[in-house]
Engineer: 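Before anything else, here's the structure in question.
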Amino acid sequence: MRARILYVVLAVCLLVGLVGCGGKKSTAPACRPNCTYKDMVVGFLQTGSEGGWRAANSASFRETAEQLGITLKFYDSQNDLARQVAGFHQFIQDPEVNVIILAALETTGWEEVLKEAQEAGKIVVLEDRRIDAPPELYATYIGSDFAEEGRKAADEMCRLLEGSEKKNVWELVGNVGSSAAKDRGQGFRERMGQCGIQITKSQTGNWSITEGKQVTEAWLKETTDVQGIFAQNDEMGLGAIEALKEAGLKPGVDVKIVSVDATAGAFKAMLAGELNVTVECNPLLAPQVYEAALKALNGEQLPKWVPSQEGVFRADMPNLKEIAESRKY
Ligand code: GYE
């Protein structure tokens, strides 16, 4: 009798283990190691639609998914962190999704949801924005070296202000919790001392033209003792340009302006002589990101960061118009 009871108990445990009711679920996708792009169902957590860079980044993911035959589930976090985290949970619970791609609004608060994704057997790839989390919780991060972009911006501002008696610079900051804002600000500060730049005002303009203009307008009401403006993205730089013009100052001449992204709006402002420099930040990341996700889906180990290669564009470049016409965004 005891043997029969033992046998039944063992059989039940084996059944529970197999169907996964109580046991740990198998985390390897069924297609591994021969998954193809057509096996990929991607849950993409985009930050929002805050400007030209973001529009190009979203287009890259939509167009490349179409080309590769990837099923893309696009989630617009509307620049709201709570909404982005909710979307992450939604994709963890979605049985169709096997890859989650995150463009993180902020650097912190991701560890728990990343662990849940790992337990659910979902591949997580970070695009655009880095985060502060243990690297074993995600497959890789594909995005720019924002600190290097900040260093390049400072080098360019030093060049523009060479010989200037004063070097007071105002900084328009992106979303303060984002890696792009933190690292660009850090990189700029690392280099500005080399030529005596002082950051005399710094405030968030939340990546937008409107807020970049409002902040600059308020500063100009206090003083016009400014020689340069460092805008952490083109939209805020364009807002500053509008504010300077309305205050009777010549942007690009009376006040030198350096921004980041190298979007179409920046090229237009440089061609008009109102913006001096834009430091490139590549938004066309989808091909690299999808390739990395497929490798991870097939069980490959990846480097934890693949930095994008980027340049610098100046208003005084002889072939600037041709460059502008050749760009995709
Ligand atoms: O510079 C800005 C966008 O994360 C690099 O986010 C991106 C930044 C970009 O809002 O325009």
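In listed order, ligands and their atoms are each counted from 1. Quick note: numbers below take in every heavy atom, side chains included, and nothing from hydrogens, waters or symmetry partners.
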Engineer: Other residues, nucleotides and ligands only: do more than 12 of their heavy atoms fall within 6.0 Å of NZ on K268?
Structural biologist: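 Incorrect, the count does not exceed 12.
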
Engineer: Short N/O distance, under 3.5 Å, between N233 and ligand 1?
Structural biologist: yes

Engineer: What atoms in ligand 1 come closer than 4.0 Å to a heavy atom of E50?
Structural biologist: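 What qualifies from ligand 1 is 3 (C), 6 (O), 10 (O).
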
Engineer: Could you tell me the residue and atom name of the protein heavy atom closest to atom 2 (C) of ligand 1, and the distance to it rounded to 0.1 Å?
Structural biologist: D261 OD2, 3.6 Å

Engineer: For ligand 1, which atoms sit closer than 4.0 Å to a heavy atom of C281?
Structural biologist: 5 (C)

Engineer: What I want to find out is whether E156 reaches R159 closely enough, with some N-O distance under 4.0 Å, to be called a salt bridge.
Structural biologist: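 Counted as a salt bridge, because a side-chain N and a carboxylate O are separated by less than 4.0 Å.
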
Engineer: Let's go through F267 and F313 carefully: what are the C-alpha distance in whole Å and the side-chain angles of both, what is the deciding distance for ring pair (Phe, Tyr, Trp, His ring centres under 6.0 Å) to 0.1 Å, and is it a yes or a no?
Structural biologist: CA-CA 8 Å; F267 279 88; F313 297 96; 5.1 Å; yes

Engineer: Flag R184 as yes when one of its N or O atoms lies below 3.5 Å from any N or O atom of ligand 1, and as no otherwise.
Structural biologist: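 Right, the criterion is met.
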
Engineer: Just heavy atoms, cut-off under 4.0 Å: does E149 contact ligand 1 by side chain, backbone, both, or neither?
Structural biologist: neither

Engineer: Any chance the rings of Y290 and F61 have centres within less than 6.0 Å?
Structural biologist: yes

Engineer: Going by the atom numbers of ligand 1, which of them fall below 4.0 Å from some non-hydrogen atom of D128?
Structural biologist: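 Matching atoms, with element in brackets: 4 (O), 5 (C), 7 (C).
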
Engineer: Side-chain contact test, heavy atoms from C-beta onward, threshold under 4.5 Å: evaluate it for Y75 versus L102 and give yes or no.
Structural biologist: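 They are not in contact (no side-chain heavy atoms under 4.5 Å apart), so the answer is no.
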
Engineer: Considering non-hydrogen atoms of the protein only, which is the closest contact for atom 4 (O) of ligand 1, and what is the distance?
Structural biologist: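 For this ligand atom, the closest protein heavy atom is R129 NE, 2.5 Å.
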
Engineer: When you check the gap from the basic side-chain N to the acidic O, do E148 and R151 get nearer than 4.0 Å?
Structural biologist: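 Salt bridge flag = yes for R151 with E148.
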
Engineer: So, for V169 and F230, which heavy atoms are closest and what is the spacing to 0.1 Å?
Structural biologist: CG1-N, 4.0 Å

Engineer: G51 near ligand 1, heavy-atom distance under 4.0 Å?
Structural biologist: no

Engineer: Which ligand 1 atoms are under 4.0 Å away from a heavy-atom of F146?
Structural biologist: 5 (C)

